[in-house]
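Everything on this sheet refers to the single structure shown next.
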Amino acid sequence: MLDRIYKAQKVIDSACKTLGRQINIMEVCGTHTVSIFRNGIRSILPDKVKLLSGPGCPVCVTDQSYIDTVLQLADRDDVLIATYGDMVRVPGRSGSLETKQPGGSVKVVLSSDDALQLAKDNGDKTIVFVAVGFETTAPATAVVVKQAAEENIENFCILSEHKLVVPAMRALLSEKNHNIDGFLCPGHVTVIIGYRRYLEIVEQFARPCVVAGFEPAQIIEGLAEVCRQVAAGKAELKSIYSAVVTEEGNRTAQEVIDECFEPVDGYWRGLGKIEKSTLRLRDKYNRFDALKRFEITERPDEDTTDCRCGEVLCGLIEPPECSLFSGSCRPQTPVGPCMVSSEGACAAWFKYGRVRGSKQ
Amino acid sequence: MKVTKSDRILLAHGGGGQLSDELIRELILPKFTNETLAELGDAAELELGSGSLCFTTDSYVVRPLFFNGGDIGKLAVCGTINDLAVAGAKPVALAMSLIIEEGFEIELLEKILASAGKAARENNVEIVAGDTKTVEAGSADKIFINTAGIGVKLADVELGFDKIKVGDRVIINGTIGDHGMTIISQREGIEFESQLKSDCASVLELTCHLLENTDGVKFMRDPTRGGLAATLNEISRGSGVSIEIREAQIPINPTVQVAADMLGFDVVTIANEGKFVAVVSPESAEQSVNICRKYPLGKEAAIIGEMVEVRDIPLVELITKIGGRRIVQMPYGRELPRIC
């Protein structure tokens, strides 16, 4: 493994030398973010390579109003909330799901199957599954919705906030003055959507897109490939995760997503409205849509006031340059996604500032 | 066993009357056989000898009650013994209080008590006092156990944060995360549960031999809840010295690593129940590890890092396998699986 890493480091060093300026690479996958953090990858890169943790953690970018809706539902005596652990601590405007746990109205599940099973086991309650995640978890949600429909499991519904990766990348690149030189594309998501989906990013915005797995060597090799392309003035689509990623992706998974969901404009915490970026259930599955079942009117945070997470994500500013930083926006009361995730740029900066070696 | 006609705990078992008496005499006393407890006095009288006393208490609420490698009874005894052991003490006596939910199966209670009794005997410590309360169904989850322990400090042993200096080494007696991952996997019904086994055990034999055979031990702590990450952060904060640990040196059972990766957990934050972290002088580090390795619970003992100069604030930093660095944070308190 170390041999591969040294080799990739040489490519990165040489690209930096050729280019003579900073290279900003964004990863758009929570698992990449965690792996980069846990393996201390930032600290072994040259100063000229800056890693931007993009909106890859799907729960961190969940709009506060969505969480408030879940909290409201959790207050109902006839409702049991089933959620992935990821979502439990993400705060809305009036607290987080963690604060609802004492009442037992919130259950942490490891899969959408577990949520459906809860419905079967608790006939006196309506199970609301907090359906979040990118294209990786969306097929599993779709499958249980179909199953609930086939088996007429009426006390089951979902509150869908599944997000799509490519529209978010597109939105970031459409920001004027963005500083993104290339993307490290998510292995898991790409298994589903196929790497050809990034072609529009490469062609329209002329930015390299390199799909990599989650081992540290894969990540560094992916970064090296982005650096190589940037230094050579190229923008290509490449997958170095060829063992599992294909050009077309998983057709079956795509079909089941398409059958159950349609993309609608969605709100992203700290980023605002992004076109066709969120999956909602199609009309034929209305009865499993918690929004319709409970007649919920959405109240998205159209203005995220002074939150500058978008600029932090794009590498335009450092966290302390945001006026909310360490004032109203702190790890316990985060406003934007970069403070929600413990690996987020703002949270790390808040806790440790600029710490030697760690380059948060 | 014929405590009562019922095979389940009734509220009256905690009522201080005939049923309580039967429960104590017929079920509890035989498991913990010792003269002091048999007197059933209001308080146990102990001969402590000379030396400083160490006194500790801990409550045990683990779910599931029975897990691969142990159960709540064994844990309640070993956990409290370990708290005394890492303070440099030898336990003299334990007290055990049971809070039992109405309806709890007496057969399971008997198993738990037998396991606690066995663990105490194996460590030559007696459970000399106790209490049993019952609560209405729904007011507690099956059984909670509180154990208090009293011990005498080993002669000439002085441990404390104030002894820790830059250059001291950090050692651990074996693999991390085994207990926590076993519990989580069993609770969630994940398929590799059978390959995982809790490290639930007393480290007393090991700590006593270490303290008796080296004079370089400065501080010890058992990395239970919050795992290695919490313990190292406490040591760093308490001593005001930073810590640098090397990922490649930390013993981890591969199945534990796979299970943790699958659920998105960071192994350094996962609980242990048969481990201790010791900060030792640099000269005694190799010897300390060698002493540990002579015992089954210390076979995989290793030097995992050292105390280093503080640059800004006292921190725990991990040098990763690829040579990167990262800060090991104090865990939040409850780890949640990452799926998305």
Side-chain angles (χ1 to χ4, degrees), chain A residues 1-2 4-6 30-31 34-45 56-60 62 83-89 98 101 108-112 114 132-134 136-137 140 162-163 188 214-217 219-220 331 342-343 347-348 351-360, chain B residues 138 141 184-193 229 233 236 242 244-248 250 252 257-270 308-340:
Chain A
M1 177 176 73
L2 289 176
R4 285 169 58 198
I5 290 173
Y6 295 146
T31 312
V34 171
S35 185
I36 287 167
F37 176 79
R38 288 210 182 139
N39 291 292
I41 288 176
R42 280 190 173 83
S43 67
I44 63 163
L45 296 174
C57 159
V59 298
C60 301
T62 301
T83 178
Y84 293 134
D86 309 46
M87 197 55 146
V88 170
R89 290 202 188 111
E98 189 167 45
Q101 296 253 12
V108 173
V109 293
L110 292 178
S111 69
S112 56
D114 292 349
V132 295
F134 285 111
T136 40
T137 52
H162 284 295
K163 299 279 192 209
H188 292 159
F214 305 101
E215 292 297 322
I219 291 177
I220 297 169
S342 61
E343 287 91 16
K351 274 191 174 164
Y352 304 109
R354 266 186 201 278
V355 174
R356 65 181 159 125
S358 297
K359 289 207 297 180
Q360 297 298 333
Chain B
D141 185 8
I184 294 162
S185 304
Q186 215 164 314
R187 205 151 47 195
E188 302 292 351
I190 296 168
E191 58 196 31
F192 41 62
E193 66 186 59
N233 272 283
S236 176
S242 285
E244 202 171 87
I245 52 168
R246 294 186 172 271
E247 190 178 24
I250 303 172
I252 300 176
Q257 185 70 63
V258 169
D261 286 346
M262 195 178 131
L263 295 172
F265 291 122
D266 189 352
V267 187
V268 295
T269 64
I270 305 293
V308 296
E309 295 276 359
V310 174
R311 297 268 181 96
D312 183 10
I313 46 169
L315 281 177
V316 181
E317 277 196 280
L318 178 104
I319 298 173
T320 67
K321 285 180 183 163
I322 61 163
R325 303 176 77 98
R326 73 157 156 122
I327 294 164
V328 177
Q329 302 179 13
M330 186 62 149
Y332 175 79
R334 178 185 167 217
E335 297 302 302
L336 292 164
R338 270 175 199 267
I339 307 295
C340 303

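No experiment lies behind these values; they were computed from the predicted model shown. Protein chains get the first letters and strands the later ones, always in sequence-line order, with residue 1 at the start of each.
Only the side chain of A:Val34 comes within less than 4.5 Å of a heavy atom in chain B; its backbone stays farther off. Heavy-atom distances place the side chain of A:Ile5, and not its backbone, under 4.5 Å from chain B.
When all heavy atoms of A:Glu98 and B:Tyr332 are compared, the pair lying nearest together is OE1-OH, 2.7 Å. The shortest non-hydrogen separation linking B:Ser242 to B:Val310 is N-CG2, 3.5 Å.
No donor-acceptor pair closer than 3.5 Å links the side chain of A:Asn39 to the backbone N or O of B:Thr320.
Counting only heavy atoms from C-beta outward, the side chains of B:Ile184 and B:Phe265 approach each other to under 4.5 Å.
Most heavy-atom pairs under 4.5 Å with chain B: of the set A:His188, A:Arg89, A:Met1, this distinction falls to A:Arg89.
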